[in-house]
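Being a predicted model, the structure only gives us computed values, none of them experimental. Position 1 is the first residue of the sequence; numbering continues from there.
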Amino acid sequence: METGIKEFARPVEASAIMELLPSRPRVLALGEPTHGEDTLLDLRNALFQELVEQEGYRTIALESDCLKALIVDAYVTSGEGSLDDVMRRGFSHDWGGSQANRELVRWMSEFNAERPADDPVRFAGMDGPLEITGAESPRRALTALHAHLAAHVDADLLPCTADRLDELLGADASWTDPAAMTDPYRSIGRTQQARELRLLADDMVTLLETQAPHLAAASSPADRDRAHLYGRTAVGLLRYHSWMADTSPARMARLLATRDGMMAGNLLALAGRGSVLVFAHNSHLQRDKSAMSMRGHPKVEWWSAGALVSTRLGDRYAHLATALGTLRHHGVDTPPPDTVEGILHAVPDPQYVIDAAQLATSAGDTHAVPRVSPYFGYAPLDPSHLPRIDGVVYVRHVPRD
């Protein structure tokens, strides 16, 4: 088996990635099977740098808050702020503390310093302002969207005043109560104020669209992109908060689907302005349905962001899934030979990329079964997903940092 697989193994380089694909995709997604391992992030950095330099990709998007990412983008494109401050304020999920993420931001800034000002590599977040413990207040997105419209359209076209918006939003702590994640009765997402805010958000997004010719003449493309980002985020956050107040059995599935829907909207918007490299968990980037099993609850399924984007973009979307051999500091030891990871592990190379179709043939020949992991934070590859993956990046061993 080693000889057959090794024949198709290639170094993890931009040229090898492009050889796997029928054409250069608009969105090239690199998925990771677990978070927080700098070995995987270092590999990502090296590959993304090559793809930027050799293939002309001009946006790098990570699984981080799309609004906080504006701070990082301002730093890498125009030098606003200090690196320490940007890493502290520009990421969600504590990603700013990662040395590999810091090196990526530093490299982007240095790369842009040598580039024409009209052709920088941009930074973006694909995620909404969401954490595992809940969601942010929609205040920032709503007030920024209102301010953009108020600066460019007649006041009588606005659906409300800034003061009315502030009154309806109330205290941010009411929106960010972590208890609401597990207790829908603690959420304010279906109060009368929240319902009115959803209508106002919809009216403001509609105003962006119906005033598009005027706004195109009165504001810059960057300002309009940002306004649409605020609009998508405001609508998504208010929808998310509404589902947090849901008491039906479908509550968690709707929350997860709403989050991935927000991710997909952000990726499609980024693709509208140019080619995109994106790095996130495989469960967000795969073309298949995602699933999650939580203790004491039935399995939850929802369509991933990758599935939604792929439906829109077709073969202009490509997904490379990363698979792991050993992750011993989390109890993940040598993979069994009848799993996808076990087939890949037969090749002694420390890292390589392989065509997913070739791997699927080998997995089918050996009747591969899904790997079972003792570490909840690690999601092994499902053999049934291989036909809808473009390539697999294999990392034989992730050492303890």
Side-chain angles (χ1 to χ4, degrees), residues 10 12-32 41 43-64 66 69-70 72-78 101 104-105 107-127 220-222 224-226 228-229 232 260 262-282 284-287 304-322 353 356 388-391 393:
R10 297 288 183 270
V12 186
E13 299 173 349
S15 58
I17 299 301
M18 290 299 131
E19 288 175 5
L20 296 177
L21 307 173
S23 60
R24 179 177 176 275
R26 189 72 163 183
V27 177
L28 178 53
L30 177 62
E32 61 175 350
L41 302 187
L43 182 149
R44 172 206 67 188
N45 287 358
L47 179 59
F48 278 11
Q49 288 172 24
E50 286 190 5
L51 288 165
V52 167
E53 294 171 346
Q54 299 175 21
E55 298 295 330
Y57 282 88
R58 286 295 179 266
T59 295
I60 293 177
L62 304 187
E63 187 184 332
S64 188
C66 57
L70 295 173
V72 185
D73 187 54
Y75 175 79
V76 301
T77 57
S78 57
N101 284 340
L104 177 65
V105 173
W107 174 82
M108 292 176 70
S109 176
E110 292 173 352
F111 177 83
N112 284 334
E114 305 298 325
R115 299 287 306 167
D118 61 353
D119 187 32
V121 59
R122 304 284 301 276
F123 183 89
M126 67 174 281
D127 206 352
S220 69
R224 294 195 301 278
D225 283 348
R226 196 172 297 114
H228 282 282
L229 171 61
R232 289 193 307 275
D260 271 66
M262 293 174 71
M263 291 181 175
N266 286 332
L267 287 179
L268 288 168
L270 293 171
R273 77 183 189 196
S275 55
V276 183
L277 300 170
V278 56
F279 183 79
H281 198 280
N282 281 326
H284 293 306
L285 299 178
Q286 65 192 22
R287 291 183 174 94
S304 67
L308 301 176
V309 173
S310 179
T311 300
R312 290 279 298 275
L313 296 185
D315 61 8
R316 292 181 296 162
Y317 177 81
H319 174 216
L320 307 174
T322 302
V353 63
R388 291 169 297 281
I389 295 173
D390 296 286
V393 176

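In this structure, H228 has no ring pair (Phe, Tyr, Trp, His ring centres under 6.0 Å) partners at least two apart in sequence or on a different chain. Remark: R232 pairs with no residue by the salt bridge (charged side-chain N to carboxylate O under 4.0 Å, His left out) rule, at least two apart or across chains. In this structure, the salt bridge (charged side-chain N to carboxylate O under 4.0 Å, His left out) partners of R388, at least two apart in sequence or on a different chain, are D288. A search for side-chain hydrogen bond (donor to acceptor under 3.5 Å, both in side chains) contacts involving S310 returns R287, not counting sequence neighbours. In this structure, R312 has no side-chain hydrogen bond (donor to acceptor under 3.5 Å, both in side chains) partners at least two apart in sequence or on a different chain. Remark: T77 engages D73, N112, P120, R122 in a side-chain contact (heavy atoms from CB on, under 4.5 Å) (not counting sequence neighbours). Listed by chain and residue number, R44 satisfy the side-chain hydrogen bond (donor to acceptor under 3.5 Å, both in side chains) test with N101 (two or more places apart in sequence, or in another chain). Applying the side-chain contact (heavy atoms from CB on, under 4.5 Å) rule to A321 yields the partners N282, H319, L381, I389; only residues at least two apart in sequence or on another chain are considered. A search for salt bridge (charged side-chain N to carboxylate O under 4.0 Å, His left out) contacts involving D118 returns nothing, not counting sequence neighbours. Under the ring pair (Phe, Tyr, Trp, His ring centres under 6.0 Å) criterion, F279 pairs with no residue, sequence neighbours left out. Legend: residues meeting side-chain hydrogen bond (donor to acceptor under 3.5 Å, both in side chains) with S64, ordered by chain and number and at least two apart, are S92.
Between L28 atom CG and L285 atom CG the span is 10.0 Å, to the nearest 0.5 Å. The OG atom of S23 sits 9.5 Å away from the CZ atom of R316 when rounded to the nearest 0.5 Å. To the nearest 0.5 Å, atoms CZ (R26) and OG1 (T59) are separated by 9.5 Å. The NE2 atom of H284 sits 3.5 Å away from the CE atom of M263 when rounded to the nearest 0.5 Å. The line from CD of E13 to CE of M18 is 12.5 Å long, rounded to the nearest 0.5 Å. Atoms CG and CG, on D225 and L70 in that order, are 10.5 Å from each other to the nearest 0.5 Å.
Here the side chains of M262 and C66 are not in contact, with every heavy-atom distance at 4.5 Å or above. Residues L270 and M126 fail the side-chain proximity criterion, which asks for heavy atoms closer than 4.5 Å. In this structure, Y317 and L308 have side chains that are not in contact, with every pair of non-hydrogen atoms separated by 4.5 Å or more. At least one side-chain heavy atom of L268 sits under 4.5 Å from a side-chain heavy atom of L313. By the 4.5 Å heavy-atom criterion applied to side chains, L62 and V72 are not counted as neighbours. Put simply, the side chain of E53 reaches to within 4.5 Å of the side chain of F111, judged on heavy atoms. Side-chain contact between L43 and E32: absent, with no pair of heavy atoms (C-beta onward) separated by less than 4.5 Å.
Annotation for A124 and A69: closest pair C-CB, 3.7 Å, computed over non-hydrogen atoms. Between R24 and S275, the shortest heavy-atom contact is NH2-OG, 3.1 Å. For the residue pair V353 and V12, the shortest heavy atom distance occurs at N-CG2, 4.0 Å.
Side-chain atoms of T322 come within 3.5 Å of backbone atoms of G31 as a donor-acceptor pair (strictly under, hydrogens ignored). Although no hydrogens or angles enter the test, the distance criterion places a donor-acceptor pair under 3.5 Å between the side chain of E50 and the main chain of A14. Between the S109 side chain and the V105 main chain, no donor and acceptor come within less than 3.5 Å of each other. Between the side chain of D260 and the backbone N or O of S304 there is no donor-acceptor pair closer than 3.5 Å.
For residues 55-64, the salt bridge (Lys or Arg N to Asp or Glu O under 4.0 Å) pairs, not counting sequence neighbours, are R58-D119, E63-R259.
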Problem set entry | Derivation and outcome, side-chain contact (heavy atoms from CB on, under 4.5 Å), residues L30 and L277 | CA-CA 8 Å; L30 177 62; L277 300 170; over 6 Å; no
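Put simply, the residue from L51, V121, V27 that forms a side-chain contact (heavy atoms from CB on, under 4.5 Å) with Y57 is L51.
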